[in-house]
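Numbered from 1 within each chain, the chains take letters A, B, ... in sequence-line order. If you're wondering where the values come from, they're calculated on a predicted model, not measured in any experiment.
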Amino acid sequence: MSTQFSSSLTASFRSHVCGALRADNVGSQVKLSGWVQNWRDHGGVIFIDLRDRYGLTQVVFNPENAADAHELAHMLRSEFVVQVEGEVVTRPDGTVNANMATGEIEVLVAQVKILNKSETPPFSIDDTREVGENVRLQYRYLDLRRQPLQEAMIVRHKVTKLIRDYLDKQNFLEIETPVLTKSTPEGARDYLVPSRTNPGSFFALPQSPQLFKQLLMVAGFDRYFQIVKCFRDEDLRADRQPEFTQIDMELAFVEADDIINLVEGMIALIFKELKDFDSVLPYTRITYQDALDNYGLDAPDIRFDMHLVDLCRVFAETSFKVFRSVLDKKGIIKGLNLKGGASLSRREIDDLLEVVKIYGAKGLAWIKVNEDGWQSPIVKFFEESEVEALGQAMAAEAGDLLLFVADKAEITNESLGRLRLHLGTKMGLIDEDKLSFCWVVDFPMFAWDAQEKRHTAIHHPFTAPLDEDLDKLETEPLAVKAKAYDLVLNGVEVGGGSIRIHDAEIQTKVFNLLNIEADEAQEKFGFLLDALGFGAPPHGGIAFGLDRLMMLLLKRQSIREVIAFPKTQKATCLLSGAPNTVSPRQLRDLSIKKA
RNA sequence: GGGGGCGUAGUUAAGUUGGUUAUAACGCCGGCCUGUCACGCCGGAGACCGCGAGUUCGAGUCUCGUCGCUCCCGCCA
């Protein structure tokens, strides 16, 4: 990034930016424009730290050198916008500031112009002290002046530029898809936009450009990408905003491996360029089943090596009532071995119970493996043979804490999986500097929704089944695996995609399984189905969550820290006041009545 | 829809078992200071303790409600 302006376009305001000047520049006449970060008035000489996004330069007003400028400098306050003109000089001996990139020099001001005054800002721009997020969001334009958000925006730009350059070299075309599009009731809640010209009808903002990118494949643009806003009207989280940015890609004439290889290169490049991190390619691949078995979650954090252990076999014949009844109801029992955890207090173990309770587990059994035997409220219910088998299965050693959940499979897996993460953080088992990528593959096509009594698509209804599972589509749908793949970084899903169905017959079968009738499918996705009938090439794609990627890249606690103008948890904008009520006139135009 | 946390000068925080005039730091305003860079020194202003109700002789503190911010569960094909 250039830090010096030679262009005559900008020369009227500045010859250099505020981070540019070095000892080499001593003696030259320069012009700087920027914001007053700080001022130090010594009665005689006045120092100003002038800031722009490139850095800080100390400028000096000396009454003996330029009396008028010095007089004017008394008026300067925080965040005033000023232009100064003067000579670059070396700082006197002993006053070099090693903490500043420009610390060897200063600008001796001959002329100063106040370009604009500023109100006293509600928080200081240079202070690293935490400021309440509501204040930061209300004055986001000031928050954006501060270093963390400056860095985030700059890095974000670098990332999207790397992506565009990388994909351009790979023959991708960036093509825009509509923002005013059609509501698809499957999936997340849509943001709706009323159509004035079609009273009673609504556009939906896209949850993803899914259908349109598939149409682009039919159209013959065999490599498409887009860095695109997507919208979901669901509740927010630290890593979820109602509008977010996706790196969206689709390719024709490819298999899953082709896509995986291609985007691995892109992700590896990003982390190499911005973190100097050398990826070992290809990234590890973990099957969905292995992820659940070993980590309890479909987005495993493999930065640390603690696995869930299946104990169903150990306790197959148990007479311990709690375990017995779970097994009889087709539930499962799994355990975690927290190495060295025997030193945890009773109170700390109770806190762990609270963690698993969040995810529906009713209890958390535990055993402290002490030098002189096992200490536990439940061991007395076990047979000697069970104790031995358990010790072996868990590789128990003196000092360990064994933790167990027995429940329905989903609850056991998720609660222990989350407990594993909790322990990883709390016990310092996670190296926070580590970047552990993995692909999760072989997702099932369908899940069974017991409440609605129907199959639901785990990925989406256009995902293709594995070729070898095609014959199970009708007989054993829950055993069918999909050509789907997720990229997981440090336990966070950062991307996901699939090979799509390009065969109308298979698509019909999948819709049938999802209880989507032919006429319903036609009404919802007819335009895609029609298109698939006109020579759709085999195709597939992937989408990455840019915000989440940025959050991990910059180690921020929230997605809001990498978005210029984020929304609050209630999906409002504290800066603009959106959403707001509108005039009766506007509603009348749209044929909308308030409920 | 549900559970937890927070809300006190502009900002960040302290505020004891309910008890005189609600503290501090930074910032702000005024003054002094010619080498600072978290400049220093002297002085000053600044708070309807989120809002509303209740309990009490007395509420920043206790109770209820409400609003806002936040974390999580549900939700997010």
Side-chain angles (χ1 to χ4, degrees), chain A residues 37-50 56-65 70 74 77-79 89 91-100 102-103 106 108 119-139 142 184-190 207-208 210 230-242 244 354-360 411 414-415 418 422 443 445-447 449 451-452 454-463 482 484 493 496 498 510 514 516 524-525 545 557-558 560 566-570 572 574:
Chain A
Q37 168 114 329
N38 192 11
W39 77 97
R40 297 174 291 280
D41 181 349
H42 287 259
V45 68
I46 297 175
F47 299 100
I48 302 277
D49 294 333
L50 201 62
L56 283 176
T57 301
Q58 173 165 283
V59 301
V60 192
F61 299 85
N62 192 321
E64 290 161 11
N65 185 64
H70 179 263
H74 281 112
R77 294 293 183 272
S78 288
E79 299 309 308
V89 298
R91 295 192 183 189
D93 281 350
T95 63
V96 166
N97 187 341
N99 298 321
M100 273 173 108
T102 60
E106 60 195 11
L108 185 58
E119 300 291 326
T120 302
F123 48 83
S124 97
I125 305 304
D126 62 325
D127 207 336
T128 49
R129 176 196 280 179
E130 294 278 331
V131 177
E133 200 170 2
N134 48 351
V135 183
R136 291 176 52 206
L137 288 173
Q138 190 186 340
Y139 299 94
L142 298 181
T184 51
E186 289 271 321
R189 202 174 284 119
D190 285 319
Q207 297 175 26
S208 98
Q210 181 61 37
C230 300
F231 306 85
R232 292 181 189 172
D233 187 6
E234 297 292 347
D235 285 352
L236 286 75
R237 288 283 193 285
D239 62 353
R240 269 164 36 189
Q241 283 273 305
F244 58 98
E354 293 308 311
V355 173
V356 296
K357 269 188 174 172
I358 294 170
Y359 305 97
I411 290 179
E414 188 177 12
S415 60
R418 297 287 188 164
H422 176 84
F443 281 82
M445 283 282 286
F446 308 105
D449 186 330
Q451 273 190 341
E452 302 217 358
R454 66 179 188 107
H455 293 99
T456 55
I458 290 210
H459 195 60
H460 58 56
F462 315 107
T463 300
E493 183 200 326
S498 65
V510 169
L514 295 170
I516 301 176
K524 284 178 182 168
F525 323 110
Q557 292 305 304
S558 147
R560 296 183 299 276
K567 306 247 181 323
T568 69
Q569 199 173 39
K570 284 191 74 185
T572 65
L574 291 180

query = What distance, rounded to whole Å, do you find between the two C1' atoms, one in B/G7 and one in B/A14?
reply = 15 Å
inquiry  = Could you tell me how far apart A/Glu119 (CD) and B/U11 (P) are, to the nearest whole angstrom?
reply    = 15 Å
query = Can you check whether A/Phe244 reaches A/Arg232 side chain to side chain, under 4.5 Å on heavy atoms?
reply = yes
request  = Would you please name every residue forming a side-chain contact (heavy atoms from CB on, under 4.5 Å) with A/Phe446, sequence neighbours left out?
outcome  = A/His455, A/Leu473, A/Pro477, A/Leu478, A/Val510, A/Leu513, A/Leu514
key: Residues forming a ring pair (Phe, Tyr, Trp, His ring centres under 6.0 Å) with A/His42, sequence neighbours excluded   = A/Phe47
B/U56 - base-pair partner by Watson-Crick or wobble geometry, distances under 3.5 Å = none
Could you write out each protein N or O paired with an N or O of nucleotides 42-51 of chain B at a distance under 3.5 Å?
none

ask   = So, are A/Arg40 and A/Asp49 salt-bridged, with charged N and O less than 4.0 Å apart?
value = yes
key: Pairwise C1' distance, B/U61 and B/U8 [rounded to whole Å]   = 11 Å
ask   = Does B/C76 pair with anything, Watson-Crick or G-U wobble, both distances under 3.5 Å, and if so, with which nucleotide?
value = none
task = Could you give the distance separating B/A22 and B/A45 at their P atoms, to the nearest angstrom?
result = 14 Å
ask   = In the 5'-to-3' direction, what one-character label does each nucleotide of nucleotides 69-77 of chain B receive under the scheme B = base within less than 4.0 Å of a protein heavy atom, S = sugar-phosphate only, - = no such atom?
value = SBBSBBBBB
query = Going 5' to 3' along nucleotides 32-39 of chain B, which nucleotides have protein heavy atoms under 4.0 Å from the base (write B), which only from the sugar-phosphate (write S), and which from neither (write -)?
reply = -BBBBB-B
Same-atom distance (P) from B/U21 to B/A13, integer angstrom = 28 Å
ask   = Please walk me through it: do A/Thr120 and A/Arg77 pass side chain to side chain contact (heavy atoms under 4.5 Å, CB included)?
value = CA-CA 8 Å; A/Thr120 302; A/Arg77 294 293 183 272; over 6 Å; no
key: Contacts of A/Arg418 that satisfy side-chain contact (heavy atoms from CB on, under 4.5 Å) - sequence neighbours left out   = A/Leu297, A/Tyr359, A/Glu414
inquiry  = For a side chain to side chain contact (heavy atoms under 4.5 Å, CB included) check, start with the C-alpha distance between A/Glu106 and A/Val89, then their side-chain angles and the critical distance, and finish with the verdict.
reply    = CA-CA 6 Å; A/Glu106 60 195 11; A/Val89 298; 3.5 Å; yes
task = Could you let me know what B/U16 is paired to, Watson-Crick or G-U wobble, both distances under 3.5 Å, or none if it's on its own?
result = none
inquiry  = Atom CD of residue position A/Gln557 - does it have more than 12 heavy atoms of other residues, nucleotides or ligands inside 6.0 Å?
reply    = no
message = Taking the side chain as everything from C-beta on, heavy atoms only, tell me whether A/His459 gets closer than 4.5 Å to A/Phe443.
response = no
Separation of the P atoms in B/G31 and B/G58, to the nearest angstrom = 47 Å
ask   = So, the side chain of A/Thr572 versus the backbone of A/Thr568: is there a donor-acceptor pair under 3.5 Å, distance only?
value = no
request  = Would you mind pulling out the nucleotide paired to B/U61, Watson-Crick or G-U wobble, both distances under 3.5 Å?
outcome  = none
request  = Take atom CD of A/Glu79 and atom C1' of B/U11, then tell me their distance rounded to the nearest Å.
outcome  = 14 Å
ask   = Can you tell if the side chain of A/Pro121 reaches within under 4.5 Å of the side chain of A/Ser78, non-hydrogen atoms only?
value = yes
request  = Check the angle between the aromatic planes of A/Phe462 and A/His460 and answer parallel, tilted or perpendicular using the 30° and 60° thresholds.
outcome  = tilted
request  = Could you work out the separation of B/C49 and B/A59 based on their P atoms and round it to a whole Å?
outcome  = 12 Å
task = Sticking with atom P, work out how far B/U17 lies from B/A77, rounded to a whole angstrom.
result = 49 Å
key: Watson-Crick or G-U wobble partner of B/G46, both distances under 3.5 Å   = none
request  = Look at all strands and tell whether A/Ser78 reaches a base, only sugar-phosphate, or nothing, counting heavy atoms closer than 4.0 Å.
outcome  = sugar-phosphate
message = Partner lookup for B/G10, please. Criteria are Watson-Crick or G-U wobble with both distances under 3.5 angstrom; report none if nothing qualifies.
response = B/C26
task = Inspect the surroundings of OH in A/Tyr139 and state if more than 12 heavy atoms from other residues, nucleotides or ligands are less than 6.0 Å away.
result = no
message = Give me the distance, rounded to whole Å, that separates B/G60 from B/U55 when you measure between the P atoms they each carry.
response = 16 Å
request  = Take the protein atom CD of A/Glu130 and the nucleotide atom C1' of B/A25, then report the distance between them rounded to whole Å.
outcome  = 17 Å
